[in-house]
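First the structure, in the form of C-alpha coordinates, and then the observations on it.
Small disclaimer: the values here were computed from a predicted structure and weren't measured. Basis for what follows: all heavy atoms, side chains included, without hydrogens, waters or symmetry-related copies. By convention in this document, chain letters (A, B, ...) are assigned in the order of the sequence lines, proteins followed by strands, and residues within each chain are numbered from 1.
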2 protein chains.
Amino acid sequence: MRKDSRLSRMLHVLVHLHQLQHAVTSEQLALMLHTNPVVVRRTMALLREQGYVSAVKGHGGGWTLAKPLHKITLLDIHRSLSESTLFTIGLTDEHNNCPIEKAVNLAIDDVLQEAEALVLRRFGEVTLDKLAAGYIPAG
Amino acid sequence: MRKDSRLSRMLHVLVHLHQLQHAVTSEQLALMLHTNPVVVRRTMALLREQGYVSAVKGHGGGWTLAKPLHKITLLDIHRSLSESTLFTIGLTDEHNNCPIEKAVNLAIDDVLQEAEALVLRRFGEVTLDKLAAGYIPAG
DNA sequence: AACTTACGAAACATCATAAGTTACATAAAA
DNA sequence: TTTTATGTAACTTATGATGTTTCGTAAGTT
(Lines give C-alpha, C1' and ligand atoms only; values in the text may rest on other atoms or scores of the structure.)
Protein backbone atom coordinates (compact mmCIF):
# COMPACT_ATOMS: atom_id res chain seq x y z
CA MET A 1 0.00 0.00 0.00
CA ARG A 2 1.16 3.49 -0.69
CA LYS A 3 2.28 5.21 2.44
CA ASP A 4 1.03 8.54 3.69
CA SER A 5 4.13 10.70 3.95
CA ARG A 6 2.32 13.91 4.78
CA LEU A 7 3.22 13.88 8.47
CA SER A 8 6.90 13.48 7.70
CA ARG A 9 6.76 16.14 5.02
CA MET A 10 4.85 18.69 7.07
CA LEU A 11 7.05 18.32 10.13
CA HIS A 12 10.03 18.84 7.90
CA VAL A 13 8.46 21.99 6.49
CA LEU A 14 7.46 23.42 9.86
CA VAL A 15 10.94 23.14 11.31
CA HIS A 16 12.39 24.79 8.23
CA LEU A 17 9.86 27.61 8.46
CA HIS A 18 10.98 28.17 12.03
CA GLN A 19 14.64 28.34 11.08
CA LEU A 20 14.20 30.56 8.04
CA GLN A 21 12.23 33.19 9.96
CA HIS A 22 10.50 34.54 6.83
CA ALA A 23 7.68 33.59 4.46
CA VAL A 24 8.44 30.67 2.15
CA THR A 25 6.45 30.08 -1.04
CA SER A 26 4.76 26.83 -1.99
CA GLU A 27 7.10 26.76 -4.96
CA GLN A 28 10.14 26.77 -2.70
CA LEU A 29 8.67 24.17 -0.37
CA ALA A 30 7.81 22.01 -3.36
CA LEU A 31 11.44 22.08 -4.48
CA MET A 32 12.48 21.10 -0.99
CA LEU A 33 10.03 18.19 -0.86
CA HIS A 34 10.61 17.09 -4.45
CA THR A 35 7.01 17.64 -5.36
CA ASN A 36 4.92 20.48 -6.79
CA PRO A 37 3.27 23.58 -5.32
CA VAL A 38 -0.29 22.29 -5.51
CA VAL A 39 0.49 19.29 -3.35
CA VAL A 40 2.14 21.65 -0.87
CA ARG A 41 -0.85 24.00 -0.77
CA ARG A 42 -3.30 21.14 -0.44
CA THR A 43 -1.50 19.70 2.55
CA MET A 44 -0.49 22.97 4.18
CA ALA A 45 -4.11 24.10 3.95
CA LEU A 46 -5.01 21.43 6.52
CA LEU A 47 -2.49 22.94 8.94
CA ARG A 48 -3.71 26.45 8.21
CA GLU A 49 -7.26 25.43 9.10
CA GLN A 50 -5.99 24.37 12.52
CA GLY A 51 -4.02 27.56 13.06
CA TYR A 52 -0.48 26.19 12.87
CA VAL A 53 0.58 28.15 9.78
CA SER A 54 -0.67 31.15 7.86
CA ALA A 55 -0.44 32.03 4.20
CA VAL A 56 -0.06 35.41 2.53
CA LYS A 57 -0.70 36.07 -1.15
CA GLY A 58 1.20 38.24 -3.54
CA HIS A 59 4.72 39.57 -3.61
CA GLY A 60 6.77 38.53 -0.63
CA GLY A 61 3.99 36.19 0.38
CA GLY A 62 4.12 32.53 1.28
CA TRP A 63 3.87 30.41 4.38
CA THR A 64 4.89 31.25 7.93
CA LEU A 65 4.48 29.61 11.31
CA ALA A 66 1.46 30.86 13.24
CA LYS A 67 2.59 29.25 16.49
CA PRO A 68 6.02 28.66 18.00
CA LEU A 69 7.42 25.16 17.60
CA HIS A 70 7.30 24.42 21.30
CA LYS A 71 3.52 24.84 21.20
CA ILE A 72 3.05 22.27 18.42
CA THR A 73 3.28 18.51 18.94
CA LEU A 74 3.56 15.66 16.47
CA LEU A 75 0.06 14.73 17.57
CA ASP A 76 -1.27 18.16 16.57
CA ILE A 77 0.02 17.75 13.04
CA HIS A 78 -1.00 14.11 12.81
CA ARG A 79 -4.55 15.02 13.81
CA SER A 80 -4.65 17.90 11.36
CA LEU A 81 -3.81 15.58 8.50
CA SER A 82 -5.60 12.33 8.95
CA GLU A 83 -9.14 11.32 9.37
CA SER A 84 -8.21 7.79 8.43
CA THR A 85 -6.74 5.25 10.78
CA LEU A 86 -3.15 4.47 11.52
CA PHE A 87 -3.08 0.83 10.51
CA THR A 88 -3.13 -1.02 7.25
CA ILE A 89 -5.01 -3.83 8.98
CA GLY A 90 -8.78 -3.70 8.72
CA LEU A 91 -11.55 -5.69 10.30
CA THR A 92 -14.35 -7.41 8.46
CA ASP A 93 -17.95 -6.74 9.29
CA GLU A 94 -19.74 -8.75 6.71
CA HIS A 95 -21.53 -11.26 8.86
CA ASN A 96 -24.73 -11.22 10.72
CA ASN A 97 -23.99 -12.58 14.10
CA CYS A 98 -21.07 -14.93 13.81
CA PRO A 99 -19.49 -15.15 17.27
CA ILE A 100 -16.19 -16.24 15.75
CA GLU A 101 -15.93 -13.14 13.62
CA LYS A 102 -16.74 -11.07 16.65
CA ALA A 103 -14.06 -12.76 18.72
CA VAL A 104 -11.53 -12.34 15.92
CA ASN A 105 -12.28 -8.66 15.49
CA LEU A 106 -12.25 -8.08 19.22
CA ALA A 107 -8.85 -9.70 19.53
CA ILE A 108 -7.33 -7.70 16.69
CA ASP A 109 -8.99 -4.45 17.62
CA ASP A 110 -7.96 -4.77 21.24
CA VAL A 111 -4.32 -4.85 20.22
CA LEU A 112 -4.57 -2.15 17.58
CA GLN A 113 -6.37 0.23 19.89
CA GLU A 114 -3.69 -0.18 22.50
CA ALA A 115 -1.01 0.42 19.90
CA GLU A 116 -2.79 3.47 18.55
CA ALA A 117 -3.15 4.89 22.04
CA LEU A 118 0.58 4.45 22.49
CA VAL A 119 1.33 6.24 19.23
CA LEU A 120 -0.97 9.14 20.05
CA ARG A 121 0.42 9.47 23.55
CA ARG A 122 4.00 9.45 22.33
CA PHE A 123 3.22 11.86 19.48
CA GLY A 124 1.64 14.18 22.01
CA GLU A 125 4.82 14.20 24.08
CA VAL A 126 7.05 15.43 21.29
CA THR A 127 7.02 19.15 20.53
CA LEU A 128 8.54 20.32 17.29
CA ASP A 129 11.30 22.34 18.92
CA LYS A 130 12.79 19.00 19.92
CA LEU A 131 13.13 18.14 16.25
CA ALA A 132 14.91 21.37 15.50
CA ALA A 133 17.37 20.73 18.31
CA GLY A 134 18.11 17.19 17.15
CA TYR A 135 15.77 14.50 18.25
CA ILE A 136 17.01 11.81 20.62
CA PRO A 137 14.81 8.72 20.70
CA ALA A 138 13.46 7.71 24.06
CA GLY A 139 14.38 4.06 23.61
CA MET B 1 -6.41 3.73 1.98
CA ARG B 2 -7.99 0.38 1.47
CA LYS B 3 -7.56 -1.81 4.50
CA ASP B 4 -6.00 -5.24 4.47
CA SER B 5 -8.66 -7.54 5.90
CA ARG B 6 -6.81 -10.77 5.26
CA LEU B 7 -5.79 -11.31 8.87
CA SER B 8 -9.35 -10.91 10.06
CA ARG B 9 -10.65 -13.16 7.30
CA MET B 10 -8.09 -15.91 7.75
CA LEU B 11 -8.49 -16.08 11.52
CA HIS B 12 -12.20 -16.38 10.98
CA VAL B 13 -11.64 -19.23 8.52
CA LEU B 14 -9.18 -21.10 10.72
CA VAL B 15 -11.47 -21.17 13.72
CA HIS B 16 -14.32 -22.41 11.54
CA LEU B 17 -12.10 -25.13 10.09
CA HIS B 18 -11.35 -26.25 13.62
CA GLN B 19 -15.00 -26.41 14.56
CA LEU B 20 -16.19 -28.15 11.40
CA GLN B 21 -13.63 -30.96 11.69
CA HIS B 22 -13.73 -31.75 7.97
CA ALA B 23 -12.41 -30.38 4.69
CA VAL B 24 -14.08 -27.19 3.50
CA THR B 25 -13.91 -26.07 -0.12
CA SER B 26 -12.76 -22.66 -1.30
CA GLU B 27 -16.26 -22.24 -2.69
CA GLN B 28 -17.80 -22.68 0.75
CA LEU B 29 -15.27 -20.41 2.42
CA ALA B 30 -15.91 -17.79 -0.26
CA LEU B 31 -19.60 -17.83 0.55
CA MET B 32 -18.76 -17.42 4.20
CA LEU B 33 -16.47 -14.44 3.55
CA HIS B 34 -18.70 -12.86 0.92
CA THR B 35 -16.03 -13.14 -1.72
CA ASN B 36 -15.03 -15.64 -4.40
CA PRO B 37 -13.01 -18.87 -4.40
CA VAL B 38 -9.95 -17.43 -6.13
CA VAL B 39 -9.43 -14.84 -3.44
CA VAL B 40 -9.74 -17.59 -0.85
CA ARG B 41 -7.18 -19.83 -2.58
CA ARG B 42 -4.78 -16.96 -3.07
CA THR B 43 -4.81 -16.02 0.60
CA MET B 44 -5.02 -19.53 2.00
CA ALA B 45 -2.02 -20.49 -0.14
CA LEU B 46 0.12 -18.20 2.03
CA LEU B 47 -0.95 -20.13 5.12
CA ARG B 48 -0.37 -23.47 3.39
CA GLU B 49 3.19 -22.44 2.57
CA GLN B 50 3.80 -21.94 6.29
CA GLY B 51 2.23 -25.25 7.25
CA TYR B 52 -0.89 -23.99 9.00
CA VAL B 53 -3.42 -25.52 6.59
CA SER B 54 -3.38 -28.16 3.90
CA ALA B 55 -5.38 -28.50 0.72
CA VAL B 56 -6.68 -31.64 -1.00
CA LYS B 57 -7.95 -31.74 -4.56
CA GLY B 58 -10.86 -33.62 -6.01
CA HIS B 59 -14.05 -35.04 -4.53
CA GLY B 60 -14.33 -34.49 -0.81
CA GLY B 61 -11.30 -32.24 -0.98
CA GLY B 62 -10.81 -28.73 0.36
CA TRP B 63 -8.99 -27.08 3.22
CA THR B 64 -8.19 -28.48 6.66
CA LEU B 65 -6.10 -27.32 9.60
CA ALA B 66 -2.58 -28.74 9.59
CA LYS B 67 -1.90 -27.65 13.17
CA PRO B 68 -4.13 -27.44 16.24
CA LEU B 69 -5.40 -23.97 17.10
CA HIS B 70 -3.43 -23.77 20.33
CA LYS B 71 -0.23 -24.02 18.30
CA ILE B 72 -1.09 -21.06 16.08
CA THR B 73 -0.88 -17.43 17.19
CA LEU B 74 -2.22 -14.26 15.64
CA LEU B 75 1.40 -13.37 15.00
CA ASP B 76 1.94 -16.55 12.98
CA ILE B 77 -0.90 -15.68 10.64
CA HIS B 78 0.01 -12.02 10.49
CA ARG B 79 3.55 -12.94 9.46
CA SER B 80 2.33 -15.42 6.89
CA LEU B 81 0.28 -12.74 5.20
CA SER B 82 2.23 -9.52 5.21
CA GLU B 83 5.55 -8.45 3.95
CA SER B 84 4.40 -4.87 4.12
CA THR B 85 4.35 -2.74 7.21
CA LEU B 86 1.63 -2.21 9.71
CA PHE B 87 1.20 1.53 9.41
CA THR B 88 -0.31 3.87 6.87
CA ILE B 89 2.31 6.44 7.83
CA GLY B 90 5.45 6.48 5.75
CA LEU B 91 8.72 8.34 6.05
CA THR B 92 10.31 10.43 3.35
CA ASP B 93 13.81 9.77 2.20
CA GLU B 94 14.23 12.18 -0.61
CA HIS B 95 16.93 14.38 0.76
CA ASN B 96 20.62 14.12 0.81
CA ASN B 97 21.71 15.05 4.27
CA CYS B 98 19.10 17.30 5.78
CA PRO B 99 19.43 16.98 9.56
CA ILE B 100 15.87 18.15 10.03
CA GLU B 101 14.47 15.39 7.86
CA LYS B 102 16.59 12.92 9.76
CA ALA B 103 15.32 14.19 13.10
CA VAL B 104 11.71 14.08 11.87
CA ASN B 105 12.02 10.54 10.59
CA LEU B 106 13.79 9.41 13.72
CA ALA B 107 11.05 10.85 15.89
CA ILE B 108 8.25 9.22 13.90
CA ASP B 109 10.03 5.93 13.40
CA ASP B 110 10.93 5.69 17.06
CA VAL B 111 7.26 5.78 17.99
CA LEU B 112 6.08 3.51 15.20
CA GLN B 113 8.69 0.88 15.95
CA GLU B 114 7.66 0.81 19.57
CA ALA B 115 4.02 0.48 18.56
CA GLU B 116 4.79 -2.27 16.08
CA ALA B 117 6.76 -4.17 18.70
CA LEU B 118 3.75 -3.94 20.98
CA VAL B 119 1.44 -5.27 18.29
CA LEU B 120 3.71 -8.17 17.45
CA ARG B 121 4.23 -9.05 21.08
CA ARG B 122 0.50 -9.00 21.79
CA PHE B 123 -0.31 -10.93 18.62
CA GLY B 124 2.24 -13.53 19.66
CA GLU B 125 0.48 -13.98 23.01
CA VAL B 126 -2.89 -14.89 21.52
CA THR B 127 -3.38 -18.45 20.30
CA LEU B 128 -6.34 -19.17 18.09
CA ASP B 129 -8.00 -21.53 20.55
CA LYS B 130 -8.67 -18.42 22.64
CA LEU B 131 -10.77 -17.05 19.78
CA ALA B 132 -12.79 -20.23 19.54
CA ALA B 133 -13.52 -20.12 23.25
CA GLY B 134 -14.63 -16.50 23.15
CA TYR B 135 -11.93 -13.88 23.35
CA ILE B 136 -11.72 -11.65 26.39
CA PRO B 137 -9.67 -8.50 25.87
CA ALA B 138 -6.81 -7.94 28.23
CA GLY B 139 -7.75 -4.32 28.83
C1' DA C 1 -11.83 -44.27 -19.74
C1' DA C 2 -14.85 -40.45 -19.13
C1' DC C 3 -16.84 -37.29 -15.86
C1' DT C 4 -16.97 -34.41 -11.92
C1' DT C 5 -14.90 -31.94 -8.23
C1' DA C 6 -11.62 -28.98 -6.36
C1' DC C 7 -7.15 -26.72 -6.00
C1' DG C 8 -3.28 -24.00 -8.66
C1' DA C 9 -2.19 -20.22 -11.12
C1' DA C 10 -1.96 -16.74 -14.79
C1' DA C 11 -3.96 -12.55 -16.54
C1' DC C 12 -6.68 -8.74 -16.13
C1' DA C 13 -10.15 -5.40 -13.97
C1' DT C 14 -11.72 -2.75 -9.85
C1' DC C 15 -11.40 0.18 -5.84
C1' DA C 16 -9.62 3.58 -2.62
C1' DT C 17 -6.51 7.21 -1.50
C1' DA C 18 -2.24 9.90 -1.46
C1' DA C 19 0.26 12.02 -4.83
C1' DG C 20 0.95 14.40 -9.08
C1' DT C 21 -0.67 17.60 -12.78
C1' DT C 22 -3.19 21.18 -15.40
C1' DA C 23 -5.80 25.22 -15.52
C1' DC C 24 -7.83 29.23 -13.88
C1' DA C 25 -9.56 32.55 -10.39
C1' DT C 26 -8.23 35.85 -6.83
C1' DA C 27 -5.63 38.82 -3.80
C1' DA C 28 -1.63 41.71 -2.83
C1' DA C 29 2.52 44.15 -3.81
C1' DA C 30 5.53 46.46 -7.28
C1' DT D 1 -1.29 47.15 -14.99
C1' DT D 2 1.84 43.60 -14.27
C1' DT D 3 3.81 40.22 -11.45
C1' DT D 4 3.73 37.13 -7.67
C1' DA D 5 1.40 33.89 -4.82
C1' DT D 6 -2.24 31.45 -2.77
C1' DG D 7 -7.01 28.94 -3.49
C1' DT D 8 -9.35 25.53 -5.73
C1' DA D 9 -11.50 22.52 -9.05
C1' DA D 10 -10.83 18.65 -12.10
C1' DC D 11 -8.30 15.10 -13.78
C1' DT D 12 -4.48 11.56 -13.97
C1' DT D 13 -1.16 8.37 -11.79
C1' DA D 14 0.60 4.94 -8.58
C1' DT D 15 -0.03 1.22 -5.35
C1' DG D 16 -1.77 -2.99 -3.42
C1' DA D 17 -5.67 -5.67 -1.79
C1' DT D 18 -9.66 -7.33 -3.86
C1' DG D 19 -12.50 -9.19 -7.49
C1' DT D 20 -13.08 -11.86 -11.89
C1' DT D 21 -12.30 -14.90 -15.85
C1' DT D 22 -10.10 -18.70 -17.74
C1' DC D 23 -7.45 -22.73 -18.13
C1' DG D 24 -4.50 -26.46 -16.23
C1' DT D 25 -4.03 -30.36 -13.04
C1' DA D 26 -4.91 -33.80 -9.57
C1' DA D 27 -8.12 -36.96 -7.29
C1' DG D 28 -12.30 -39.32 -6.54
C1' DT D 29 -16.71 -41.09 -8.92
C1' DT D 30 -19.32 -43.50 -12.37
Subject >> Verdict with reasoning, Glu101(B) to Thr92(B), per side-chain hydrogen bond (donor to acceptor under 3.5 Å, both in side chains) >> reply: CA-CA 8 Å; Glu101(B) 185 190 44; Thr92(B) 57; 3.0 Å; yes
Examine [N]: is either OP1 or OP2 under 4.0 Å from a nitrogen or oxygen in the side chain of [X]? Give yes or no.
| X | N | answer |
| --- | --- | --- |
| Asn36(A) | dT21(C) | yes |
| Thr35(B) | dT18(D) | no |
| Ser5(B) | dA17(D) | no |

Measure the distance from [atom1] on [X] to [atom2] on [N] and round it to the nearest whole Å.
| X | N | atom1 | atom2 | result |
| --- | --- | --- | --- | --- |
| Phe87(B) | dT17(C) | CZ | C1' | 19 Å |
| Leu7(A) | dA19(C) | CG | C1' | 16 Å |
| Lys3(B) | dT15(D) | NZ | P | 21 Å |

**OP:** Check every strand shown and say whether Thr43(A) touches a base, only sugar-phosphate, or nothing at a heavy-atom separation below 4.0 Å.
**Re:**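 The residue Thr43(A) makes no contact with any strand.
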Original post:
Going 5' to 3' along nucleotides 22-30 of chain D, which nucleotides have protein heavy atoms under 4.0 Å from the base (write B), which only from the sugar-phosphate (write S), and which from neither (write -)?
Top reply: ---BSBBS-
**OP:** Give me the residues of residues 11-25 of chain B where at least one heavy atom lies under 4.0 Å from an atom of DNA chain D, by number, or none.
**Re:**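 Hits under 4.0 Å, by residue number: none.
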Original post:
To the nearest 10 degrees, how far apart in direction are the end axes of the helix from dA1(C)-dT30(D) to dA30(C)-dT1(D), each fit to five base pairs?
Top reply: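 For the helix from dA1(C)-dT30(D) to dA30(C)-dT1(D), the axes at either end differ by 10°.
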Subject >> No-hydrogen, no-angle side-chain donor-acceptor test under 3.5 Å, Thr25(A) and Trp63(A) >> reply: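 Side chains of Thr25(A) and Trp63(A): no pair found under 3.5 Å.
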Original post:
Has the side chain of Arg42(A) got a donor or acceptor atom sitting under 3.5 Å from an opposite partner on the base of dG20(C)?
Top reply: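 Such a pair is found, so the answer is yes.
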